[in-house]
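These values consider heavy atoms only, across backbone and side chains, with no hydrogens, waters or symmetry-generated copies. Values in this document were obtained by computation on a predicted structure and should not be read as measured data.
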Amino acid sequence: TTKDLDIVGAMQDGRVVKFRPLPAAFVGAARDVAQQFGLPADWINLGPDSLLDKGLPDGFTSRLETEGYGALIVSFAGRLDLIALKVYAAANPNPRDPDSGRHLQDLNDLRPSADELVFARAWMAGWAAGDLLARADRIIGGLR
């Protein structure tokens, strides 16, 4: 179970683009849901949209799993991409998030295969700098 919803972007012409600012109606609906279910105000956030500057894993959009909820259409990252994004999040914890260690637990719960971890590492190797990639390598090594 997740405690929040991370929005990477919006689909536009078959690709993922930044979704800033969030539409007012969407923000209002998210606020209503937060109040109704006792969730934090930022339970929906655009934190991971900085990944669009680095580049999403190759083939990301082809693996999206799309669901409709009335007028709202949501595309979820596929398993391979979720693992890659979780390796990144575990290696790059948010100092303002006291629960950032959950990403490593999520990875343990997902029980990624060696091939899935190789994919995650290859994606990060394309853009990650020394310390970040070294932390990712330690995480991947601990999961094997």
Side-chain angles (χ1 to χ4, degrees), residues 1-137 139-140 143:
T1 306
T2 188
K3 295 181 180 182
D4 67 349
L5 178 66
D6 296 326
I7 298 176
V8 174
M11 288 297 293
Q12 187 176 75
D13 299 325
R15 57 191 187 90
V16 182
V17 298
K18 288 201 177 185
F19 193 47
R20 287 185 188 260
L22 289 172
F26 185 88
V27 171
R31 188 178 319 112
D32 292 346
V33 170
Q35 289 172 350
Q36 183 176 0
F37 291 99
L39 299 169
D42 65 347
W43 76 278
I44 292 183
N45 65 80
L46 293 164
D49 76 345
S50 63
L51 289 171
L52 294 173
D53 299 329
K54 297 171 183 11
L56 296 171
D58 287 341
F60 181 87
T61 57
S62 69
R63 291 183 294 274
L64 289 172
E65 299 172 16
T66 301
E67 299 288 337
Y69 303 93
L72 178 64
I73 298 171
V74 179
S75 295
F76 300 94
R79 177 183 167 84
L80 185 62
D81 302 299
L82 180 60
I83 289 167
L85 296 173
K86 285 290 181 179
V87 167
Y88 166 71
N92 189 35
N94 179 347
R96 296 181 310 261
D97 182 1
D99 194 28
S100 63
R102 74 184 178 281
H103 300 297
L104 185 55
Q105 182 59 52
D106 291 344
L107 280 167
N108 281 309
D109 292 345
L110 286 166
R111 294 189 172 113
S113 70
D115 288 344
E116 289 168 330
L117 293 171
V118 166
F119 176 85
R121 205 290 180 182
W123 167 62
M124 287 187 66
W127 52 265
D131 286 349
L132 178 60
L133 194 56
R135 286 192 304 271
D137 285 341
I139 288 165
I140 289 168
L143 292 169

* **Glu116: which of Arg121, Arg111, Arg79 passes salt bridge (charged side-chain N to carboxylate O under 4.0 Å, His left out)** =>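 Answer after filtering Arg121, Arg111, Arg79: Arg79.
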* To do: Name all residues meeting the ring pair (Phe, Tyr, Trp, His ring centres under 6.0 Å) criterion together with Tyr88; count only those two or more places apart in sequence or in a different chain, and write none if there are none.
  =>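 Testing Tyr88 for ring pair (Phe, Tyr, Trp, His ring centres under 6.0 Å), a comparison that skips the adjacent residues, returns Trp127.
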When rounded to the nearest 0.5 angstrom, what is the spacing between [atom1] in [X] and [atom2] in [Y]?
{"X": "Ile139", "Y": "Leu104", "atom1": "CD1", "atom2": "CG", "value": "6.0 Å"}
{"X": "Leu46", "Y": "Phe19", "atom1": "CG", "atom2": "CZ", "value": "8.0 Å"}
{"X": "Leu133", "Y": "Ile140", "atom1": "CG", "atom2": "CD1", "value": "8.0 Å"}
{"X": "Leu132", "Y": "Asp137", "atom1": "CG", "atom2": "CG", "value": "9.5 Å"}

* Can you check side chain to side chain contact (heavy atoms under 4.5 Å, CB included) on Val74 and Leu5, steps first, answer last? -> CA-CA 11 Å; Val74 179; Leu5 178 66; 5.7 Å; no
* State which residues pass side chain to side chain contact (heavy atoms under 4.5 Å, CB included) with Pro21; sequence neighbours excluded, sorted by chain then number. =>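 With neighbours one apart ignored, the set is empty.
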* Donor-acceptor pair, side chain of Trp123 and main chain of Leu85, under 3.5 angstrom ->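 Side chain of Trp123 to backbone of Leu85: no pair is present.
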* Examine distances only and state if a side-chain atom of Trp43 and a backbone atom of Ala30 form a donor-acceptor pair shorter than 3.5 Å. =>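 Checking the backbone N and O of Ala30 against the side chain of Trp43, a donor-acceptor pair under 3.5 Å is found.
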For [X] versus [Y], what's the shortest heavy-atom pair and its separation?
{"X": "Pro112", "Y": "Leu107", "value": "CD-O, 3.1 Å"}
{"X": "Met124", "Y": "Val87", "value": "SD-CG1, 3.9 Å"}
{"X": "Ala91", "Y": "Ala136", "value": "CB-N, 3.7 Å"}
{"X": "Ala84", "Y": "Pro57", "value": "CB-CG, 4.2 Å"}
{"X": "Leu82", "Y": "Ala77", "value": "N-CB, 4.3 Å"}

* Whether over 12 other heavy atoms sit under 6.0 Å from Asn108 CG ->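 Enclosed.
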* Asked: Got more than 12 heavy atoms from elsewhere within 6.0 Å of CD1, Ile73?
  ->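 No - once you tally the heavy atoms of other residues, nucleotides and ligands closer than 6.0 Å, there are 12 at most.
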* Can you find a heavy atom in the side chain of Ile7 that is under 4.5 Å from one in the side chain of Phe26? ->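 Yes; the side chains approach each other to less than 4.5 Å.
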* Would you check if Val8 and Asp6 make a side-chain contact, meaning some heavy-atom pair closer than 4.5 Å? =>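 Answer no - side chains too far apart.
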* Asked: Can you pull the salt bridge (charged side-chain N to carboxylate O under 4.0 Å, His left out) pairs that have at least one residue in residues 123-134, sequence neighbours excluded?
  ->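 Salt bridge (charged side-chain N to carboxylate O under 4.0 Å, His left out) check on residues 123-134 returns no pairs.
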* Asked: Restricting to pairs with a member in residues 80-91, which pass salt bridge (charged side-chain N to carboxylate O under 4.0 Å, His left out), not counting sequence neighbours?
  ->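 Every salt bridge (charged side-chain N to carboxylate O under 4.0 Å, His left out) pair that includes a residue of residues 80-91, provided the two are not neighbours, is Arg63-Asp81, Lys86-Asp106.
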Enumerate, atom names and distances included, each donor-acceptor pair closer than 3.5 Å involving a side-chain atom of residues 10-18, sequence neighbours excluded.
unit_1, atom_1, unit_2, atom_2, d
Lys18, NZ, Asp53, OD1, 3.4
Lys18, NZ, Asp53, OD2, 3.3

* Asked: According to the side-chain hydrogen bond (donor to acceptor under 3.5 Å, both in side chains) rule, which pairs have a member within residues 21-37, sequence neighbours left out?
  ->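 Non-adjacent pairs meeting side-chain hydrogen bond (donor to acceptor under 3.5 Å, both in side chains): zero.
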